[in-house]
Amino acid sequence: MRFGIKLKYLKIWFDVLTPKQILFFESMIKRIKKNHTVLCTSRDYDQVTQLAKIRNLKLVIVGKHGGSKRHDKLNASLRRAKLLSTRIKGFSPDLTISFCSPEAARVSYGLNIDHICFSDSPHANAVMRLVIPLVQKLLIPWIIPKKEFTKFGINSKDIISYRAIDAAIIAKRKVSKNSKKLVKKSKRKVILVRVEEEYASYSSKKRPAIPIIKEIIKNFYDEEIVVMARYTSQARHLEQTFGKKIRVLNKVIDSKILLENTDVFVGSGGTMTAESALLGTPTISYDAVPNIIEAYLVRKKLVIRKTNPKQIVISIRKIFGSKNLEIKKKSKKMLDSMEDPYPILVKTMKSMLK
């Protein structure tokens, strides 16, 4: 391995559950695979399987996404853990790496496999309570205080900070040639809206994006309004509600190429909001899920936080009336300052496998 840190040959299991996790782990997996045997598992979830194809990442699908209802989530997780227990026992890994996967945590604990987790989401209370007490090491962005995680049952000495926001790792990736073909530069201004997460346990289920989209249509009907749905049900609802007034993205497209061809991004405050800001795209957060990363970017004036639809429209007008050169300059400086967490992961692996 690079960086002067050598590891004996290992078998490593990655459990990769979301599009964000594919983009975050992709580079690490490719580098680790050069010297070690890697198994990447996921679950049957359209956004993940489609993005994995775009990014040319081979995933073994085990189980499925549980949807939005508690009972369905529980059953899907229990069934997936059972299926994984057989698969992982057969693979017999030396180490598990995940972004706080509950099933990976349960199976690794049950099979006595050391588990390293990444997380930038202490607000995902249900997942943290299921995972954090069972993991050996936790890697987190430096701007999140360790106490945000120790309350879930991990010792602060087992938490390692790295000087990067996870969206920076995602923003630095190369876009595939196939993805570039899918996005054509519009002659009109492009307003890209990301609909909030509805299925996560931490979601409010209030659908704040709908009144925002209505207000944007009312004021910018001459521009191109593109809306990214997360689920098929969301896409259907948007198409039924707004018809041809907006363009609903109903297939997975690499977010980086979209953001690079967008004049203003209106996001819910999650990873794509942070990615947009770090890429220098003027970014507004309607803060559907308040979190430490979004608050940091707002403080640094890389993200504008507005929750009122009329205030969002006013902000878009200001953005359209400016060249936004200062934002682009600040975002590039911040992105360049972010470190690669991979050497820290390798160092952590080495410390655990002595």
Side-chain angles (χ1 to χ4, degrees), residues 1-3 5-45 47-63 80 84 87-88 90-105 107-108 113-121 131 135-141 160 162 164-179 252 254-256 271 275 338-353:
M1 285 209 173
R2 294 164 64 203
F3 314 106
I5 302 167
K6 289 188 178 180
L7 287 167
K8 63 175 185 177
Y9 165 77
L10 298 171
K11 292 167 82 175
I12 300 165
W13 169 34
F14 278 85
D15 198 27
V16 185
L17 300 183
T18 66
K20 170 197 173 162
Q21 292 174 28
I22 287 178
L23 299 172
F24 180 78
F25 280 136
E26 178 185 30
S27 171
M28 297 184 198
I29 290 167
K30 283 178 180 173
R31 285 183 273 183
I32 286 175
K33 277 173 98 168
K34 289 177 183 176
N35 298 290
H36 307 280
T37 298
V38 174
L39 171 67
C40 296
T41 56
S42 190
R43 55 193 174 175
D44 189 8
Y45 172 28
Q47 293 234 331
V48 167
T49 51
Q50 289 176 40
L51 184 59
K53 282 180 185 174
I54 291 170
R55 302 300 299 175
N56 199 26
L57 182 67
K58 187 181 176 185
L59 297 175
V60 175
I61 304 301
V62 181
R80 185 167 191 267
L84 279 169
R87 169 76 68 163
I88 299 309
F91 180 60
S92 188
D94 299 290
L95 197 63
T96 302
I97 299 171
S98 83
F99 210 98
C100 285
S101 159
E103 295 84 48
V107 171
S108 298
I113 304 160
D114 281 344
H115 187 179
I116 299 173
C117 275
F118 286 83
S119 181
D120 65 350
S121 309
V131 175
V135 305
Q136 280 62 56
K137 297 291 179 185
L138 178 66
L139 277 59
I140 66 170
I160 299 113
Y162 51 88
I165 293 169
D166 292 351
I169 292 93
I170 293 169
K172 287 178 179 181
R173 74 189 183 279
K174 289 181 180 176
V175 176
S176 67
K177 289 178 182 177
N178 289 339
S179 294
V252 175
D254 194 321
S255 57
K256 185 172 182 178
T271 303
E275 182 188 1
M338 299 281 172
E339 75 173 333
D340 180 357
Y342 179 69
I344 294 161
L345 170 63
V346 174
K347 191 176 177 182
T348 304
M349 289 162 65
K350 190 181 180 188
S351 73
M352 292 171 69
L353 296 164

Flag the pair Val252 / Pro19 as yes when at least one side-chain heavy-atom distance between them is below 4.5 Å, and no otherwise. no
What is the minimum heavy-atom distance between His36 and Leu10, and which atoms define it? ND1-N, 2.9 Å
Quick one: pull up CG in Asp254 and CD in Gln50 and give me the separation to the nearest 0.5 Å. 13.0 Å
Just one of Thr271, Leu51, Val48 clears the side chain to side chain contact (heavy atoms under 4.5 Å, CB included) bar with Lys20, so which one? Thr271
With side chains defined as the heavy atoms from C-beta onward, is the minimum distance between Ile29 and Cys40 less than 4.5 Å? yes
So Met28 and Ile97, do their side chains get closer than 4.5 Å, heavy atoms only? no
How long is the span from the OG1 atom in Thr49 to the CD1 atom in Ile61, to the nearest 0.5 Å? 6.0 Å
Between atom OH of Tyr45 and atom OG1 of Thr18, what is the distance when rounded to the nearest 0.5 Å? 7.5 Å
Not counting sequence neighbours, which residues clear side chain to side chain donor-acceptor pair (under 3.5 Å) with Ser27? List them please. Arg31
Run the side chain to side chain contact (heavy atoms under 4.5 Å, CB included) test against Thr96 and tell me which residues pass, sequence neighbours left out. Trp13, Ala104, Ser108, Ile113, His115
Flag the pair Val38 / Phe14 as yes when at least one side-chain heavy-atom distance between them is below 4.5 Å, and no otherwise. yes
From Phe91 CZ over to Leu84 CG, what is the distance, rounded to the nearest 0.5 angstrom? 12.5 Å
Just wondering, do Val62 and Asp15 contact through their side chains at under 4.5 Å, heavy atoms? no
Any donor-acceptor pair under 3.5 Å from Lys172 side chain to Met338 backbone: yes
Going by the rule side chain to side chain contact (heavy atoms under 4.5 Å, CB included), which residues pair with Ser121 if we only count those two or more places apart in sequence or in a different chain? Ser119, His123, Ala124
Leu138 and Cys117, any side-chain heavy atoms less than 4.5 Å apart: yes
With Lys137 via side chain to side chain donor-acceptor pair (under 3.5 Å) - residues at least two apart: Asp158
Partners passing salt bridge (Lys or Arg N to Asp or Glu O under 4.0 Å) against Lys256 (at least two apart in sequence or in another chain): none
Salt bridge flag under 4.0 Å for residues Glu275 and Arg173: yes
As an exercise, state the distance from CD of Gln136 to CG of Asp114, rounded to the nearest 0.5 Å. 4.5 Å
With sequence neighbours left out, write down each residue that passes side chain to side chain donor-acceptor pair (under 3.5 Å) with Thr37, or none if nothing qualifies. Tyr9
Would you mind telling me which of Val135, Asp120, Val131 makes a side chain to side chain contact (heavy atoms under 4.5 Å, CB included) with Cys100? Val131
Is there a side chain to side chain contact (heavy atoms under 4.5 Å, CB included) between Leu39 and Lys11 once you walk through the steps? CA-CA 8 Å; Leu39 171 67; Lys11 292 167 82 175; over 6 Å; no
Please round to the nearest 0.5 Å and tell me the distance separating atom CG of Leu139 and atom NZ of Lys347. 11.5 Å
Taking side chain to side chain donor-acceptor pair (under 3.5 Å) as the test, write out the residues that go with Tyr162, two or more places apart. Asp166
Walk me through it: do Ile32 and Tyr342 pass the test side chain to side chain contact (heavy atoms under 4.5 Å, CB included)? CA-CA 9 Å; Ile32 286 175; Tyr342 179 69; 3.6 Å; yes
Please name all residues satisfying salt bridge (Lys or Arg N to Asp or Glu O under 4.0 Å) with Arg43, sequence neighbours left out, ordered by chain then number. none
If the condition is salt bridge (Lys or Arg N to Asp or Glu O under 4.0 Å), which residues does Lys58 pass it with, not counting sequence neighbours? none
Give the C-alpha distance, both sets of side-chain angles, the deciding distance and a yes or no for side chain to side chain contact (heavy atoms under 4.5 Å, CB included) between Ile344 and Glu339. CA-CA 10 Å; Ile344 294 161; Glu339 75 173 333; 3.3 Å; yes
Just so I know, are the side chains of Arg80 and Pro102 near enough to count as touching, which here means a heavy-atom distance under 4.5 Å? no
Mind checking side chain to side chain contact (heavy atoms under 4.5 Å, CB included) for Lys30 and listing every partner two or more places apart, or none if nothing turns up? Glu26
Please identify each residue that fulfils salt bridge (Lys or Arg N to Asp or Glu O under 4.0 Å) with Arg87, with sequence neighbours left out. none
Would Phe118 and Leu345 count as a side chain to side chain contact (heavy atoms under 4.5 Å, CB included) here? Give the steps. CA-CA 9 Å; Phe118 286 83; Leu345 170 63; 4.1 Å; yes
